[in-house]
Amino acid sequence: MVQLYNLHPFGSQQVVPCKLEPDRFCGGGRDALFVAAGCKVEAFAVAGQELCQPRCAFSTLGRVLRLAYSEAGDYLVAIEEKNKATFLRAYVNWRNKRTENSRVCIRMIGHNVEGPFSKAFRDQMYIIEMPLSEAPLCISCCPVKGDLLVGCTNKLVLFSLKYQIINEEFSLLDFERSLIIHIDNITPVEVSFCVGYVAVMSDLEVLIVKLESGPKNGERVHHHPHKTNNRIRRTEEGISNEISQLESDDFVICQKPLELLGEKSEQSGLSVTLESTGLADEKRKYSHFQHLLYRRFAPDISSYVLSDDIKLHSLQLLPIYQTGSLTSDGKNLSQEKELLSLFCFFSLPHVGYLYMVVKSVELMSVYQYPEKSQQAVLTPQFLHVITSNNLQCFTVRCSAAAAREEDPYMDTTLKACPPVSMDVCALRIQLFIGLKAICHFKNHIILLTKAEPEAIPERRQSPKRLLSRKDTSVKIKIPPVAEAGWNLYIVNTISPVQLYKEMMKLVCGFILEPRLLIQQRKGQIVPTELALHLKETQPGLLVASVLGLQKNNKIGIEEADSFFKVLCAKDEDTIPQLLVDFWEAQLVACLPDVVLQELFFKLTSQYIWRLSKRQPPDTTPLRTSEDLINACSHYGLIYPWVHVVISSDSLADKNYTEDLSKLQSLICGPSFDIASIIPFLEPLSEDTIAGLSVHVLCRTRLKEYEQCIDILLERCPEAVIPYANHELKEENRTLWWKKLLPELCQRIKCGGEKYQLYLSSLKETLSIVAVELELKDFMNVLPEDGTATFFLPYLLYCSRKKPLT
């Protein structure tokens with residue numbers, strides 16, 4: 001669950017005075033904004049707090065489908081459509097376009113410019129045409145080198161930025177089509193490129209590879225596609241043929257969700273090959289690649305059409321640089337950017353994913369949105385997300401991760417950095433009506449809003465202030481041009497330091513002054529109005545504040561418990577969920593004055609009582625079982641066989657399963673005294689799957705393995721083999737043939753409705769025992785009245801295993 005703070009990360013806003021409704025827009029370096037509408041691009045000057053002013057405008061060949069800017073090379077690139085044909089064009093020297101009617105030069109990529117024409121290219125804007133055999137679908141510019149990556153069906157085309165040297169005083173920006181990345185069976189909807197790292201996204205898949213330069217081990221470089229592994233290719237062809245056969249029989253094949261990190265992503269099934277298209281006599285920039293990440297999501301199979309609720313959006317590679325490092329002489333500072341770390345973000349409509357992809361590939365953060373998102377942009381400090389009517393701002397850990405990667409000893413008395421594993425927080429959910437698109441550059445975010453038709457008459461009366469009326473820090477500047485029905489806004493963002501100061505003002509008072517939350521009247525605890533307000537609006541902050549009071553010895557343990565009971569209007573014998581949240585927070589915080597076993601007793605008693613009564617919590621818990629497992633060492637990973645037991649019964653109530661998972665996790669944890677819980681398990685009947693899982697877990701922790709095997713064989717035989725694989729190890733391994741094997745044989749003789757489950761478990765058991773025992777010992781543990789043909793394959797394997805090894 002994401003914690004929400006009501007901070008003010010957005011400052012002043014102003015309306016961009018564009019004349020037509022924008023189709024696309026993007027930031028232009030340090031001081032410009034580009035807006036494409038119809039067959040025209042307008043550039044606006046953006047400088048600090050000054051009003052956004054028109055800078056220049058130029059015509060395009062057709063309607064702009066995609067628009068991107070590269071700070072390296074200072075060029076704008078667009079995918080344009082005219083007469084159902086698409087074109088890729090780069091606009092260079094746009095700062096010299098003084099009037100809309102001033103001359104423009106057009107040239108083809110790689111075309112050498114003759115001497116007499118060089119002056120024209122130096123003093124005016126020129127357009128570079130980049131023809132492609134396939135229609136371009138999406139584009140991305142490398143923020144470091146300025147290279148251009150273009151996504152087409154089943155392939156990506158890389159254009160390297162280069163300069164034609166005309167004379168000593170002037171060089172002409174140009175591109176070379178240097179590489180084609182062939183990716184079978186993918187239609188890119190977005191691509192992102194940064195210093196050799198390539199991210200490509202389709203509706204349901206994300207793939208990241210790293211292009212590397214120089215041949216491997218001195219091998220000769222050939223200018224043709226690399227051959228893929230024959231075994232992988234045969235597997236892909238077999239899968240493709242099988243899918244085609246099934247689909248021809250009116251089946252729809254939906255692949256399962258999949259996440260592969262590092263070298264394992266080679267197993268994605270996507271065939272990736274490189275084809276060099278640069279000049280043969282030039283040194284090849286990229287000659288091979290390394291797989292980093294593959295992730296696939298499952299479609300909604302309730303409809304034949306891919307639902308927008310599962311489509312991916314907002315793919316982005318975010319680099320973190322180090323600048324100003326010392327040169328070799330130790331005196332001057334070098335301003336050249338050095339890549340410290342790289343992050344990849346992509347999002348589904350209801351959840352976003354942030355990965356770190358340099359040195360190691362790992363999932364850093366998962367963002368749960370309170371409503372369906374439309375687009376998101378990632379910055380080093382914040383994640384900005386738009387829904388139809390809200391602008392949301394979340395914290396990110398990119399800068400912290402990069403700092404820790406550079407300096408592992410970050411946490412000292414002289415410097416500190418937030419842990420990467422900290423929960424992400426929502427800093428603000430700001431009302432904005434009719435949000436359609438968002439982009440980011442420098443300390444600005446650009447928002448396109450479009451009111452629904454019924455809202456347009458009201459907008460025509462006067463431009464409305466769209467940020468919160470209570471937000472006194474926002475100052476609106478509205479230029480005279482504001483079209484009815486839509487608007488393009490520039491919103492300034494506040495620095496993290498200012499937000500930190502603001503936060504220290506929702507937090508410091510709370511943890512040092514208990515009277516802000518708690519008052520004593522005639523010996524009775526009375527929550528203040530502020531405490532009641534926080535209970536309804538920010539319960540997580542309230543729990544954290546009381547925890548801070550307890551940590552600073554401003555409130556006792558019993559006093560804190562009574563406070564939450566009175567606050568939630570519960571009697572002394574009723575435990576509100578907010579108090580359970582507080583106990584869980586105490587366990588996570590590891591406060592020195594809290595006795596662990598007493599806290600365990602409080603939590604397990606409440607979990608067991610609610611499970612036995614099937615009583616849901618009165619409010620939504622602040623933390624899920626997964627949150628607690630990740631944040632607290634006292635909550636252990638739930639054993640794999642427990643999930644098999646639970647899956648045999650569908651539990652409709654989500655809160656019921658959360659209480660069960662938290663109880664199971666505590667029992668699996670390293671600190672829990674199992675014997676202390678046994679007397680309190682009586683209300684939790686073994687007749688239910690929930691009760692069965694808890695009782696078997698406790699007996700397992702007490703090493704009563706034989707009794708657990710008997711219970712599972714009777715109640716949940718499908719969990720027996722997973723249980724044995726996890727528990728019957730080392731000194732307990734003999735139970736495979738001394739307990740499990742004879743029990744299964746005996747139950748198979750009796751037949752019954754569970755015969756097939758017992759039979760499959762027996763086969764698994766025999767496979768294990770045949771590996772563990774010598775042939776003579778193996779024959780001695782087999783039943784005397786067994787069918788020889790059934791056991792013969794296992795006997796043969798047992799007899800041959802030594803020669804095989």
Side-chain angles (χ1 to χ4, degrees), residues 231 234-235 238-239 242 246 256 267 637-649 668 686-687 689 692-805:
R231 179 177 59 82
R234 285 197 299 269
T235 302
I239 292 171
E242 185 177 339
L246 287 171
K256 294 189 296 185
Q267 305 167 14
L637 285 172
I638 300 173
Y639 301 156
W641 59 265
V642 177
H643 298 294
V644 180
V645 175
I646 295 301
S647 64
S648 63
D649 182 35
C668 294
E686 288 190 55
D687 294 335
I689 290 296
L692 175 69
S693 69
V694 173
H695 281 275
V696 174
L697 254 180
C698 289
R699 290 191 177 103
T700 298
R701 292 296 309 276
L702 295 172
K703 300 186 178 181
E704 299 174 359
Y705 301 111
E706 296 191 39
Q707 187 178 0
C708 292
I709 290 173
D710 289 332
I711 294 172
L712 290 177
L713 284 171
E714 185 64 33
R715 293 287 311 282
C716 189
E718 60 265 39
V720 166
I721 296 301
Y723 178 87
N725 281 326
H726 189 266
E727 304 296 343
L728 304 187
K729 299 177 181 178
E730 298 174 355
E731 69 271 13
N732 302 310
R733 204 160 186 79
T734 58
L735 291 177
W736 277 98
W737 52 88
K738 290 185 177 180
K739 174 65 179 178
L740 187 55
L741 179 59
E743 283 289 341
L744 286 169
C745 291
Q746 182 62 36
R747 290 172 188 267
I748 287 174
K749 289 179 186 177
C750 299
E753 60 181 10
K754 298 179 181 177
Y755 173 82
Q756 288 298 331
L757 284 172
Y758 293 140
L759 183 62
S760 62
S761 298
L762 176 60
K763 292 178 180 178
E764 292 277 353
T765 303
L766 287 170
S767 298
I768 297 293
V769 177
V771 172
E772 292 292 323
L773 297 182
E774 298 297 327
L775 180 61
K776 181 181 177 181
D777 296 327
F778 185 37
M779 293 183 67
N780 288 335
V781 299
L782 295 179
E784 296 180 357
D785 54 350
T787 305
T789 54
F790 177 81
F791 294 102
L792 184 59
Y794 304 99
L795 288 166
L796 288 173
Y797 177 81
C798 187
S799 65
R800 294 173 180 171
K801 64 183 178 183
K802 277 192 176 179
L804 286 174
T805 57

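From a predicted model like this one, the values you see are computed outputs, not experimental measurements. Sequential numbering from 1 along the given sequence is applied to the chain's residues. Scope of the values below: all heavy atoms of this structure, side chains included, with no hydrogens, waters or symmetry mates.
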Exercise for review: Please examine the side chains of L728 and I709, heavy atoms only from C-beta on, and report whether any two atoms are closer than 4.5 Å.
Suggested key: yes

Point to revise | Test item: side-chain donor near acceptor, W737 and E772, under 3.5 Å | key: no

**Study point:** Y794 side chain near K763 side chain, heavy-atom distance below 4.5 Å
**Key:** yes

Exercise for review: Answer whether the closest heavy-atom distance between the side chains of Y797 and S767 falls below 4.5 Å.
Suggested key: no

Check your understanding: Going by heavy atoms in the side chains, are W736 and L773 under 4.5 Å from each other?
Key -> no

Exercise for review: Given side-chain contact (heavy atoms from CB on, under 4.5 Å), test Q756 with S760 step by step and report yes or no.
Suggested key: CA-CA 6 Å; Q756 288 298 331; S760 62; over 6 Å; no

Study note, to complete from the structure: Separation between CD (E704) and CD1 (I711), nearest 0.5 Å, reads 8.5 Å

Check your understanding: Could you go step by step and tell me if L697 and C668 meet the side-chain contact (heavy atoms from CB on, under 4.5 Å) rule?
Key -> CA-CA 8 Å; L697 254 180; C668 294; 3.7 Å; yes

Exercise for review: Kindly give the heavy-atom pair with the smallest separation between K739 and D710, and that separation in Å.
Suggested key: NZ-OD1, 2.8 Å

Point to revise | Reported NZ-to-CG distance for the pair K703 and N732, which is rounded to 0.5 angstrom | key: 7.5 Å

**Study point:** Spacing of F791 atom CZ and L796 atom CG [to the nearest 0.5 Å]
**Key:** 13.5 Å

Point to revise | Taking every non-hydrogen atom, the tightest pair across Y758 and L713 | key: OH-O, 2.7 Å

Review point. Is the shortest heavy-atom distance from the side chain of V696 to the side chain of Y723 under 4.5 Å?
Key: yes

Revision key, fill the gap. Closest heavy-atom pair, A770 versus C798, reported as atoms and distance to 0.1 Å, is O-SG, 3.6 Å

Check your understanding: Distance from C745 atom SG to L766 atom CG, nearest 0.5 Å?
Key -> 6.5 Å

Check your understanding: Roughly how far apart are R715 CZ and K754 NZ, rounded to 0.5 Å?
Key -> 8.0 Å

Check your understanding: Any idea how Y639 and H726 line up, ring-wise: parallel (<30°), tilted (30 to 60°), or perpendicular (>60°)?
Key -> tilted

Check your understanding: Are any non-hydrogen side-chain atoms of D687 and L692 less than 4.5 angstrom apart?
Key -> no

Review point. Can you list the steps and then say if L712 with V645 is a side-chain contact (heavy atoms from CB on, under 4.5 Å)?
Key: CA-CA 9 Å; L712 290 177; V645 175; 4.2 Å; yes

Point to revise | Nearest-0.5 Å distance that lies between atom CD in Q746 and atom CG in L741 | key: 12.0 Å

Review point. When you look at I748 and F790, which way does the side-chain contact (heavy atoms from CB on, under 4.5 Å) test go after all the steps?
Key: CA-CA 13 Å; I748 287 174; F790 177 81; over 6 Å; no

Practice item. Looking only at non-hydrogen atoms, find the nearest pair between A724 and L740 and report the distance. Key: CB-CD2, 4.0 Å

**Study point:** Residues E686 and R699 bridged, charged N to O under 4.0 Å
**Key:** yes

Revision key, fill the gap. Looking only at heavy atoms, the pair that brings P717 and S761 closest together is O-OG, 3.9 Å

